[in-house]
Structures are given as C-alpha cells and as structure tokens.
Amino acid sequence: MYKKLFGFSLLFVVLFGMQSVEAASPSYKTVQSTPLKASTQKGAKTLMTVKTNTKVELLSKTNSWAHVQIGKTKGYLSMRSVMPLETPIASYDRNEVMSYKGTDIVSISGVSYKIDPVLKPFFQKNGTALRSMIVVPKTSGRTLTGWKQLSFFPLSQPVESIIIDKAAASRIDSFYIPPTNFTLTTAGPLRQVVTESYAHYPPLDVDRQTLTLNGQIEQLHTAGEVQIAGKGTIERWDISKDTEYSYEIPVRYTGEVGFLNIRNTDVVVRGTSTLKVRTVSAPTKTHVLGGKNGVIGSIKPSKTIRGKKMGKAELAIDKMFSNVNEASVTSTLDTLNIPYSTARVGDYVTALRQNEAAGPNKRLVNSATDLKDIVRLVDTVMTTKQTTPAYVHTSDSQLKVQTFHDHVDNASYSNQYARAVTAMVTDGTLQTIRFKRPLLEKKEWYISQEKDQVFIYDFPVGSTRLVTIDGNTTRSLVMETKAVERPNYAESRIELVSINDKPLSAYQQEPPVYEAKVIESGHRTYVAIRSSDKEWLRNIHFFTVDVNANYRDGGPVSTDKINLGSWKSSETVIFEMYGAKRLNNLTIQSFGYKDAVYK
C-alpha cells in the first residue's frame with residue numbers, strides 16, 4: 001500500500017508543479033536520405049532528394065506512403081523513411097479538479113460549465129470514470145470545449161477503462177493514465193498518452209501495470225515497468241531514461257509502432273510476432289527484433305536504426321535462457337566463440353539463473369557482448385584473492401558486513417541500483433551473485449552470542465569470500481566459519497570464527513567520547529556528531545533517534561554542506577533528520593565499534 005501511495009504522490013508532483021507547455025500534433029522528419037515522389041505509382045517522377053533529418057509537414061499517410069509538404073512542394077515519401085518528432089509532455093502551473101454527476105453540467109474547481117454538445121456522448125459513455133478528474137480545461141465562456149490535459153484523480157474512484165469517441169479524441173491534447181491496470185479505447189487519433197508506472201522504484205508483483213491501448217495513439221510516453229497490450233497503431237513510443245532499475249516491458253500488442261525510442265539503458269522490450277516496429281532508436285546497433293518482429297533488447301541511444309530480426313547471437317542467447325544448464329551454456333559460449341573456463345561452467349550457470357530471477361537487480365543479457373561480460377565478471381569474482389578492509393557492525397542480534405563504506409548525499413542515496421556486482425564464494429563454489437546491486441549493499445545475518453562464541457544463521461560452513469566489483473575496483477573479504485556439534489540435537493551450529501583473520505571481538509571496540517547537537521538549516525534539520533577520534537567518525541554509517549514512543553527516525557551519514565558554527569568539519573559528521581528535532585535516545589552506529597548511545 002505504501003508503494004502505491006508513493007507512486008500517486010509522484011503523479012501529484014507531475015500534475016501540480018509545472019510550467020506551461022502547449023501540446024500539439026507531432027511533426028515528422030526523415031530518418032534517411034530519400035526521394036520525394038510525385039505520386040505513389042511505380043516509376044513516379046522524383047521531385048527532389050530529401051536529406052536526412054529534414055522536417056516535413058505530414059498531410060496524410062497510408063501504411064506505405066506519407067503525403068508531405070516541404071516548403072511549397074508536395075509529394076510522397078516512403079513511410080519507412082519518416083518518423084514523428086517528439087511532442088514534449090504538456091505541463092502547467094495549475095491543474096483543476098473536474099467533477100461530473102451525469103447532467104449537462106460539469107463542475108471545474110467549484111465553477112459550473114456547460115458541456116459542449118460535441119463532448120456529451122463522451123461524458124454519457126464514461127459517466128462513472130469522469131466523476132472526478134484532474135484537468136487543464138479548454139473553455140469558451142462558461143462552456144467546456146476540451147482539455148489541454150485530462151488525468152485521473154489518483155485517490156478517487158477506481159477506474160479500469162475509458163472509451164473515447166472521435167470527436168472527444170480531437171479535443172484532448174494529453175491524457176494521463178494512473179499506474180493501474182487500464183484499457184483505453186479511442187475511435188479517433190489521440191495526440192498523447194502518458195503513464196508513469198513506478199518510474200522511480202520497482203513495483204511489487206501485484207502492482208505491475210497492464211496498459212491496453214485500442215485505436216490510434218500519436219504519442220505514447222512510458223516510464224517504469226508496464227505491459228502493453230491492445231490493437232491499433234502507435235505513431236511514436238518514447239520510453240523514459242530516468243528509471244533507476246532494470247525491467248522488462250512485455251508487449252502483447254497487435255499492430256504497428258511507427259517509431260520506438262528507447263532511451264533507458266536498463267530496459268528490455270519483449271514483443272511477439274503480432275508487433276511490427278517500423279523504425280527504432282536504440283542505444284547500440286545490437287538492438288534487435290525477436291521472434292518475427294518483437295523487440296528483445298537495447299543498450300544506449302545513439303541514432304535511429306531500423307529494427308531487424310534476431311541474429312545468430314541473439315537467437316542462441318534467447319534459446320539458452322529457455323533452459324539454463326551446463327550443456328546449454330557451454331553450447332552458447334562455443335557458438336559465440338566466447339572464451340571461458342570449463343572448470344567454472346557451473347558458476348556461469350549459477351550466475352545466469354540468479355540473474356534471470358533477480359528482478360530489478362538483474363543485468364540485462366541480450367547480446368554476445370553482454371554474455372561475454374557476465375563470464376568476465378564471474379571469472380573475476382572466482383579468481384580474486386586479495387582482501388580489503390572489512391566493515392563490520394553488530395547490533396542486538398544482527399551482524400552487518402560490507403566490503404566498502406561510502407558517505408552519501410541526498411541525491412546519490414536515492415539512486416538505489418548504481419553499482420555493478422556483489423557475490424559470495426564458499427570454498428571455491430559460487431553461492432550468490434548479483435550484477436546490479438544496491439548502492440548501499442550490505443550483508444546481514446542473525447547471530448547469537450554465548451561467552452566468547454558467536455553463532456551465525458543461514459550461512460555456509462567453511463571459508464566464504466564476499467566480493468564486490470564497482471567499475472574497475474574489486475574488493476573482497478573472507479569470513480571463516482565452522483560447524484559446532486550440539487549434543488542431543490540433529491543439527492550442528494555454525495560458529496563465526498573470524499573476518500579477515502580477526503575475531504569478531506576485534507570489530508567491537510568501545511566508542512569514544514563525543515558531542516551531539518541539532519542544527520536547523522533551511523527547511524531541513526540535521527544532527528551533528530563531533531569527536532577527536534577520526535577513525536570512529538570515518539566509520540560511522542547510521543543513526544537512530546526516538547521521535548515518539550512509537551516511531552524511530554534514522555538514516556546514513558550525509559555529505560550535505562551546513563553551517564557547523566564553531567565545530568570543525570574535519571571532526572564532525574552529520575545526519576539529516578526527518579521526524580525529530582530532539583536527541584531522544586540517539587544511537588550512533590559505526591563499523592568496528594559498539595553502538596554509542598547519547599542520553
């Protein structure tokens with residue numbers, strides 16, 4: 001429920017905090033040098049040769065030909081040689097609430113307007129859906145004549161579908177759809193459809209949106225994980241690059257996308273043979289069309305290219321993922337001439353299986369280059385021997401272990417999926433690996449302590465190496481465990497013997513003397529911690545504080561710049577506080593030290 005409400009709050013930001021940009025029907029441009037013909041007949045006279053990226057006025061079109069005007073010259077271009085330009089998403093200073101109760105009158109922000117007779121059938125057909133909407137209206141006097149923007153009110157009545165007749169479609173500049181399952185059917189060309197389905201974080205399984213589009217859509221804008229279904233044509237489909245997680249867009253659409261513009265480096269659009277894509281803009285030339293026409297993958301936008309059917313490499317990878325085992329992986333690596341170690345084929349299988357099931361943490365594997373990189377990273381994980389400093393923290397019954405420790409600012413903390421690889425290897429066998437891990441990656445286990453022994457749960461016995469690869473930097477540490485027999489019990493207990501050859505007690509130093517104070521800075525509140533022990537300060541990673549009897553606030557160290565007064569920045573760390581302004585039971589957590597409680 002929290003995720004849904006958060007998604008709705010994002011939509012409110014989109015709707016209410018913007019500057020005016022008028023929507024318009026899309027213009028077109030050429031994607032290649034092409035002849036302008038006098039007619040569509042075979043052997044028709046060539047009027048001129050039109051250069052790439054020439055803007056043209058579209059007069060009409062068929063499946064094969066675009067009737068265009070360039071300057072004062074009219075003629076015909078192949079539809080495969082043109083694409084619609086993007087219409088920016090309309091945004092406004094103010095949006096208004098529109099209420100409809102089934103009469104010939106509509107209320108907009110408490111003011112009554114007559115409904116233009118042309119729009120009455122639309123209201124009558126969709127009375128329940130239009131009961132409460134967010135709008136930027138078009139009016140003539142006290143008559144509603146259309147909408148610059150028409151959006152469903154996020155927290156109002158549940159709406160699953162809407163039917164737009166031809167007259168109403170011509171009166172809507174931009175149509176916003178909430179992040180819920182929705183069917184839109186339009187009898188006339190609809191200028192712009194926008195949906196932001198969990199654009200900034202991955203949805204739960206039950207929250208994944210299916211958007212069914214029937215009819216002609218001139219511009220479709222999506223951000224986040226959504227399934228596209230329906231039947232018709234989409235002149236242009238833009239996929240936002242702003243999403244911070246990897247995801248796939250299944251397309252069960254019968255019809256044609258004139259121009260598919262994929263900007264996101266971490267998205268896969270997977271279609272079927274019923275989907276036709278005329279022109280594609282994709283990150284690299286390895287962008288392909290799977291099956292007969294369905295798109296399967298892309299990496300970074302560079303230029304407009306045509307889609308193509310799956311090549312040898314893409315077919316082999318697609319087949320491999322249908323049944324990942326040692327035989328299929330070996331066959332694919334051999335087919336694609338990718339160097340690999342026969343002794344580590346089982347580890348490649350583990351990596352590929354876990355990657356497919358990793359959800360937003362997965363690395364997209366669509367080309368021979370991608371697969372080669374997976375092999376390289378697994379090899380690096382399995383062969384690294386060096387150890388780096390271990391960042392260890394125990395609190396109550398939990399053990400947290402990290403291979404690195406970074407302070408973050410407010411902007412970078414929200415970027416949850418920025419890093420590359422995290423893996424666990426036990427006695428030479430790959431246990432787990434993720435190729436797109438969270439920024440603040442940490443391993444946590446439940447522990448119990450008895451005298452000088454620490455017992456850990458859900459952990460393998462032996463020598464376990466934790467490895468992270470961040471760009472060109474590889475870090476690792478080793479945790480040693482052993483099985484301790486339990487008399488009268490069928491199972492043994494797992495004792496944590498050491499981390500980087502040091503007992504756990506070495507990471508439980510007593511915290512130093514320190515000072516704390518609350519600082520107001522602009523619209524934010526911070527708690528500042530000062531100490532002469534710079535090693536303790538450097539390893540501080542989290543704080544908690546009592547807001548009230550039922551709620552604790554907390555967070556990571558911040559790199560925000562604030563006025564510390566007489567305190568030196570070299571002797572101080574700060575945290576941003578959201579729900580408290582007093583230091584009630586302030587607890588400071590630092591790697592290698594016991595918790596410091598400020599009273």
Side-chain angles (χ1 to χ4, degrees), residues 23-31 34 40 56-68 76-87 89 150 161-177 182-195 209-222 226-240 249-262 269-282 287 289-295 304-309:
S25 295
S27 300
Y28 280 70
K29 75 171 184 177
T30 54
V31 295
T34 185
T40 60
V56 301
E57 181 184 350
L58 184 71
L59 303 176
S60 64
K61 67 183 183 66
T62 64
N63 288 336
S64 301
W65 294 95
H67 187 204
V68 302
Y76 294 86
L77 297 174
S78 166
M79 278 300 297
R80 296 186 65 85
S81 66
V82 297
M83 73 171 188
L85 297 174
E86 181 178 11
T87 300
I89 297 176
L150 184 62
S161 65
I162 195 165
I163 298 174
I164 305 176
D165 58 56
K166 192 171 183 179
S170 68
R171 303 290 186 94
I172 301 171
D173 289 348
S174 187
F175 189 88
Y176 273 79
I177 295 176
F182 194 85
T183 298
L184 185 155
T185 301
T186 180
L190 197 59
R191 290 186 183 128
Q192 186 180 74
V193 175
V194 180
T195 184
Q209 179 187 16
T210 295
L211 177 58
T212 302
L213 301 172
N214 297 314
Q216 182 179 345
I217 309 297
E218 292 185 352
Q219 301 265 295
L220 172 64
H221 296 265
T222 64
V226 58
Q227 176 172 303
I228 301 296
K231 183 177 182 180
T233 60
I234 301 171
E235 289 295 315
R236 178 179 175 128
W237 178 8
D238 291 282
I239 297 175
S240 172
I249 299 180
V251 182
R252 304 294 179 262
Y253 187 78
T254 301
E256 183 177 77
V257 176
F259 174 51
L260 174 60
N261 183 29
I262 301 177
V269 179
R270 188 178 292 275
T272 66
S273 60
T274 62
L275 173 69
K276 296 180 181 179
V277 180
R278 191 164 63 241
T279 311
V280 179
S281 177
H287 185 89
L289 296 180
K292 208 169 182 180
N293 293 294
V295 181
T304 301
I305 62 171
R306 297 199 184 286
K308 62 181 180 181
K309 293 184 180 179

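Put simply, the side chain of P84 reaches to within 4.5 Å of the side chain of Q219, judged on heavy atoms. Here the side chains of I89 and Y176 are in contact, with some heavy-atom distance below 4.5 Å. Looking at L190 and L213, their side chains never come closer than 4.5 Å, going by heavy atoms from C-beta outward. In this structure the side chain of V82 never reaches within 4.5 angstrom of the side chain of L58, judged on heavy atoms.
Looking at residues two or more places apart in sequence or on another chain, you find a salt bridge (charged side-chain N to carboxylate O under 4.0 Å, His left out) between E256 and R278. D238 is linked by a salt bridge (charged side-chain N to carboxylate O under 4.0 Å, His left out) to R236, R263, counting only residues two or more places apart in sequence or in another chain.
Residues Q192 and S174 approach most closely at OE1-OG, 2.5 Å, considering heavy atoms. Residues R252 and Q227 approach most closely at CG-NE2, 4.1 Å, considering heavy atoms.
Using a distance-only test at 3.5 Å, with no hydrogens or angles considered, no donor-acceptor pair links the side chain of Y253 to the main chain of K276. Of the possible polar contacts, one joining the N214 side chain to the K231 backbone as a donor-acceptor pair under 3.5 Å is found. Formation of a donor-acceptor pair under 3.5 Å by the T186 side chain with backbone atoms of G188 is found in this model.
Ring pair W65/Y76 is perpendicular by interplanar angle, where above 60° counts as perpendicular and below 30° as parallel.
Rounding to the nearest 0.5 Å places OH of Y28 at 11.0 Å from CE of M83.
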